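Both counts, for ligands and for their atoms, begin at 1 and track the order of listing. Note that the coordinates shown come from a computational prediction; the quantities given were computed from them, not determined experimentally. Atom set for the values below is all heavy atoms of this structure, side chains included, hydrogens, waters and symmetry mates excluded.
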Amino acid sequence: MTAKIEISGLTKQYGNNVVVDGLDLEIDSGEFLVLLGPSGCGKTTTLRCLAGLETPEEGSISFDGEPMFDADARVNVPPNKRSIGMVFQSYALWPNMTVRKNIAYPLKARKLKDALNSGRVEEAADMVDCGHLLDRLPSQLSGGQQQRIAVARGMAARPDLVLFDEPLSNLDALLRDQVRTEIRRLHDEQGFGAVFVTHDHSEAFALGDRLAIMKHGKIEQLATPQDVFDHPISEYVADFIGMSNRLELHRSGLEWSTAAGTELELRSDTFGHQAVSARLWPDDITLHRPDEDVSHQEITLDAVLLSAEFGGRFYHVQVGAGPEEYRLRASAAVHGDWLRRSKKGEPVVISFRSESLKIYPLSTEDSAR
Ligand SMILES: Nc1ncnc2c1ncn2[C@@H]1O[C@H](COP(=O)(O)OP(=O)(O)OP(=O)(O)O)[C@@H](O)[C@H]1O
Ligand SMILES: [Mg+2]
C-alpha cells in the first residue's frame, strides 16, 4: 500500500525568491528518506509541495506513476485526495478538540467512513501508547504525549507517505530519543514511505534509509547515512554533518603546509590545486600531553588549550594552533586528571592521520552555517 514518489524539476518561488529550484528526487516505496539542511534551504516548502499545500511554478510529482502535480499538464490533486499524512512541528493539535477528534480529523477530511467506524482511531492511539488519553483535550497532555498524538494523527488514515517536519525539536533530549525510536518502529511495522525533515545530523543518521542534503532549494547529496558519513560530496555537506574541523592547506613543491606552518604529505587527490581545504572529524584527532612521546604519530601539531568541557566519558576539547582552531573529544579516563587542572593557554599536542582528511577545493562561501 505504499507508493514510489517521483519528483521532477520541482520549482517553487515566492516573488523573485526561488525557494525550491528544479528539484529532482525519487523516493522508493516504503523508504525512510531524511531531508537535511540549514534553515531556509527549502525543506518545509518541499514538504508542503508534496502535500499539495503549495502550488509549485514548475515540475511534476507522481505517486506510483499517477500524477499528483504536473505544471505542464495542469494537474493539481488537492491535499485531501493525496494519500499523505503529516506530522508538522507547526501543525499543533486542535486545542478545542479531544484527542479522539484530533486523530479522527484526517479520516474525516478524506471521508474514510469505514475506517472511522472500525476502531482505526483507537488503534492509532494505541500504536503510540496513548489509548488511555482519547477523551482528553490537548491542554491536558504533556508535550511528549501531544507529539505522540500528532504522530498517531499523521498515520491514522494509513497514508502511502508520511511527512514529518522537525517533529522532535520541541521535545527534551530523553523524549526526543523515545519518540524518534517509536517513529522508526512504526515505519518498519507499517511500511509507509516517510520524508523526515531535520537539521540535526545525528537524528538524520539514526533514522534515514537515505539522506538528501539540501542547499538553496536543490539536493546537494543523496546517499545512505554511511556513504554520506564516509564520503561527504562537498565541503558544505562535510560541514553540515559535523566534520567541523577545517584546515587550509597550501602547496609548495611536493609538500603541503597548514596556515600555522606544519608540513604534511597528502595522500588524497588535490585536483591539481595549489591550495585546498581539508575537513576532519573531531573523533579523528588525538590529544597528547606536551611531554608525551608522539614520534610514531604521522601528523602532529603544537597547540594551546582553549577549553575543555566535561561530557561524561569524554571531554569536549578545543585547541588553537596558530590561526586554526580544532575541536576533538578526549577520553576522560586518559586525560581527565590533567585536563581538570589545566588552564586556558597551556601547551598541548594534537595528532591525526593524513588519510582522515577529506580534501575539497578551497572556497570561501561553501559552508553550511
Ligand atoms: N509563504 C512564504 N512567503 C514568502 N517566502 C516564504 C514563504 N514560505 C517560505 N518562504 C521563504 O522560503 C525560504 C525557504 O523556507 P522553508 O520554510 O522551506 O525553509 P526550511 O528549510 O524549512 O527552513 P527551517 O529549517 O528554518 O524550517 C525561506 O527563505 C523563507 O523565508
Ligand atoms: Mg522548515
Check: Does the distance from a Lys or Arg side-chain N to an Asp or Glu carboxylate O, for Asp129 and Arg148, drop under 4.0 Å?
Finding: no

Next item on the list: Using heavy-atom distances, let me know which of Gly42, Ser39, Gly217 sits nearest atom 26 (O) of ligand 1.
Entry: Ser39

Notebook entry, point to check: Short check: is a protein heavy atom less than 4.0 Å from atom 2 (C) of ligand 1?
Noted result: yes

Check: When you measure from atom 14 (C) of ligand 1 to every protein heavy atom, which one gives the shortest distance, and what is it?
Finding: Val19 CG1, 3.3 Å

Notebook entry, point to check: Salt bridge check: are Arg185 and Glu189 linked by an N-O gap of less than 4.0 Å?
Noted result: yes

Next item on the list: Flag the pair Glu123 and Arg158 as a salt bridge only when some basic side-chain nitrogen lies within less than 4.0 angstrom of an acidic carboxylate oxygen.
Entry: yes

Notebook entry, point to check: If you measure from each non-hydrogen atom of His199 to ligand 1, which part falls under 4.0 Å: side chain, backbone, both or neither?
Noted result: side chain

Notebook entry, point to check: Mind checking whether Gly37 has an N or O less than 3.5 Å away from an N or O of ligand 1?
Noted result: no

Checklist line | Pairing of Asp337 and Arg341 as salt bridge, 4.0 angstrom limit | finding: no

Check: To the nearest 0.1 Å, how far is atom 16 (P) of ligand 1 from its closest protein heavy atom, and which atom is that?
Finding: Thr45 OG1, 3.5 Å

Margin query: Does the protein place a non-hydrogen atom closer than 4.0 angstrom to atom 31 (O) of ligand 1?
Written below: no

Notebook entry, point to check: Does the pair Asp239/Arg279 count as a salt bridge with the N-to-O cut at 4.0 Å?
Noted result: yes

Notebook entry, point to check: To which of Val197, Leu36, Val18, Thr44 does the heavy atom nearest atom 27 (O) of ligand 1 belong?
Noted result: Thr44

Note to self: Give me the residue, atom name and distance of the protein heavy atom closest to atom 25 (O) of ligand 1.
What the structure shows: Lys43 NZ, 2.8 Å

Next item on the list: Write out the residue and atom name of the closest protein heavy atom to atom 23 (O) of ligand 1, then the distance separating them to 0.1 Å.
Entry: Gly40 N, 2.8 Å

Next item on the list: Starting from atom 29 (O) of ligand 1, locate the nearest protein heavy atom and write down its residue, its atom name and how far away it is, to 0.1 Å.
Entry: Asn17 ND2, 4.0 Å

Next item on the list: Give a yes or no on whether a salt bridge exists between Asp64 and Lys4, defined as a side-chain N under 4.0 angstrom from a carboxylate O.
Entry: no

Notebook entry, point to check: What do you reckon, are the aromatic ring centroids of His201 and Phe240 less than 6.0 Å apart?
Noted result: no

Margin query: Tell me whether Cys41 has any N or O atom under 3.5 angstrom from an N or O of ligand 1.
Written below: yes

Next item on the list: Examine ligand 1 and decide if any of its atoms is less than 4.0 Å from a heavy atom belonging to Glu166.
Entry: yes

Check: Short check: any N/O/S atom of Thr44 below 2.8 Å from the Mg ion (ligand 2)?
Finding: yes

Next item on the list: Starting from Val304, walk the hydrophobic network (Ile, Leu, Val, Met, Phe, Trp, Tyr; side-chain heavy atoms closer than 4.5 Å) and list everyone else you reach, by chain and number.
Entry: Leu306

Margin query: Can you report which non-hydrogen protein atom sits closest to atom 9 (C) of ligand 1, along with the distance?
Written below: Tyr14 CE1, 3.5 Å

Notebook entry, point to check: Is any side-chain N of the basic residue among Asp284 and Arg329 closer than 4.0 Å to the acidic one's carboxylate O?
Noted result: no

Check: Salt bridge between Arg246 and Glu324, side-chain N to carboxylate O under 4.0 Å?
Finding: no

